[in-house]
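Just so we're on the same page: letters track the sequence lines, and every chain starts at 1. Both backbone and side-chain heavy atoms feed into the values below; hydrogens, waters and symmetry mates do not.
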Number of protein chains: 2
Amino acid sequence: MAEPTQSRVVAELRRRIVLNLLTPGAVLTELGVAQDLACSQAAVREALLVLAGEGLVVRAGRHGTTVTDLDSDTAAEILDLRRRIELRGARRAIRRATAGELLELERIQFAMQSAAADGNAWAVLERDMDLHLAIFRLSGLHAMAPILARCMLHTHRFRLWAPWHQRDLTETAARHRPILDALRDGDATTLARTLGAHLDTIVERAGNDRRVRAA
Amino acid sequence: MAEPTQSRVVAELRRRIVLNLLTPGAVLTELGVAQDLACSQAAVREALLVLAGEGLVVRAGRHGTTVTDLDSDTAAEILDLRRRIELRGARRAIRRATAGELLELERIQFAMQSAAADGNAWAVLERDMDLHLAIFRLSGLHAMAPILARCMLHTHRFRLWAPWHQRDLTETAARHRPILDALRDGDATTLARTLGAHLDTIVERAGNDRRVRAA
DNA sequence: CGGGCTAGCATTATCGATAATCAATCGAGG
DNA sequence: CCTCGATTGATTATCGATAATGCTAGCCCG
């Protein structure tokens, strides 16, 4: 009850799509998922609207909305985009971060570790995105945050789609610590290095057969 | 009647925001614009949802949704992003464009010229975005098209917000021709040059006076 | 006279019903 | 047997009504 209906269904559908429980090409009917999730058609409709805005589904007029396709070319391109956005954002963030904001970052990282300890992979993922987003927001580049969120969603979806997605959760959570350290120390070069390396580990081998571009 | 209610109100609100008829900070109540645009609350609600997805408004819980702020730092960053996306996309587009697709591009460009002849600035803008988007779609990087659309929306909004936005419409329309030519000829370097130059003209010197606030 | 509480109000959130629309299917005619 | 057209079924689109919620102004009490 505490959770609003609409964000609940958005979150749930997003989870299923990113986790590839809903595979590309699957068609969703508004009334169908309304019944599935025990809510009204309007709620589902609005949820699908925002999911479409995130690029996870495409609304095909009257013929249901379908889950979007994945391809490694696009995934690689989006990851590059993400890297660029985050690195540039982090550079600005150093000059602007306040103590309180850094504390909030720590809090999120701690929540991620807790989720990892519980073995809750999805929660880890959510906290991961929260953390990266929170770091980016320090840059003050407000209007770009949703773009980054989008990129993250897609990179994770692609990562989980690939067969080699098993990853140790606690290690994943721990990997964010040096980034926070560099941020707190105001060390720009270390931050760029650790953040860059971190981003590289996300899809380490995803397409090093396909990918030839600059790093 | 021919036009669906929902896309109509989305288009109208988007127009007002990009044209700065609705200024940053303005609050919109669902019922209010419903009355203004002669439609139901639900239609407005959904429209605001997609506008929020585009980053033009931010939905603030119970106190209405407000039009987002503009700042030149973000605008510059987004323009850089846009340039990168479009240039990389164009490089791929050359290898993939079919004759039919090129014809469609011509058609859009023609529509833009017509709109320019009519002095309809907004229509020119819409066709401009259509054209850039259509070109990008040739790259096959499907999931990134909405990101580009977003970037374009924001660059235009910022451009129109700045005082020096007067531009000759027919000249703007004509400026796209060499891009199409290069695309048809399959000349990658010329395409990159003309497209890059074109993007430079959008916000020629936006922010070299305003950009000092970072320090 | 000031502070906190309450009642009313403005606004969003959610729902169920109804209209509009498209696609596929079934049937009749050639 | 094939083709074209009407009918039907499924699904989205749109609306108005109702519930929930947070805010504000005004009132009561200390």
Count the heavy atoms of every other residue, nucleotide or ligand shown that sit under 6.0 Å from CD of A:Q35, and state whether that count exceeds 12. no

What is the distance from atom CZ of B:F110 to atom CG of B:L103, rounded to the nearest 0.5 Å? 12.5 Å

Salt bridge A:R14-A:E126, side-chain N to carboxylate O under 4.0 Å: no

Here's a test for you: under side-chain hydrogen bond (donor to acceptor under 3.5 Å, both in side chains), which of A:H176, A:E86, A:R175 qualifies with A:H198? A:H176

Whether each nucleotide of nucleotides 9-15 of chain C has a protein heavy atom under 4.0 Å at its base (B), only at its sugar-phosphate (S) or at neither (-) is summarised, 5' to 3', as --SBBBB

Which angle, to the nearest 10 degrees, lies between the helix axes at the two ends of the helix from C:dC1-D:dG30 to C:dG30-D:dC1, each defined by five pairs? 10°

Can you see whether B:R82 engages B:T155 through a side-chain donor-acceptor pair at a distance of less than 3.5 angstrom? yes

Ion pair A:E12/A:R8, N-O distance below 4.0 Å: no

Qualifying salt bridge (Lys or Arg N to Asp or Glu O under 4.0 Å) pairs with a residue from residues 139-164 of chain B, counting only residues at least two apart or across chains: none

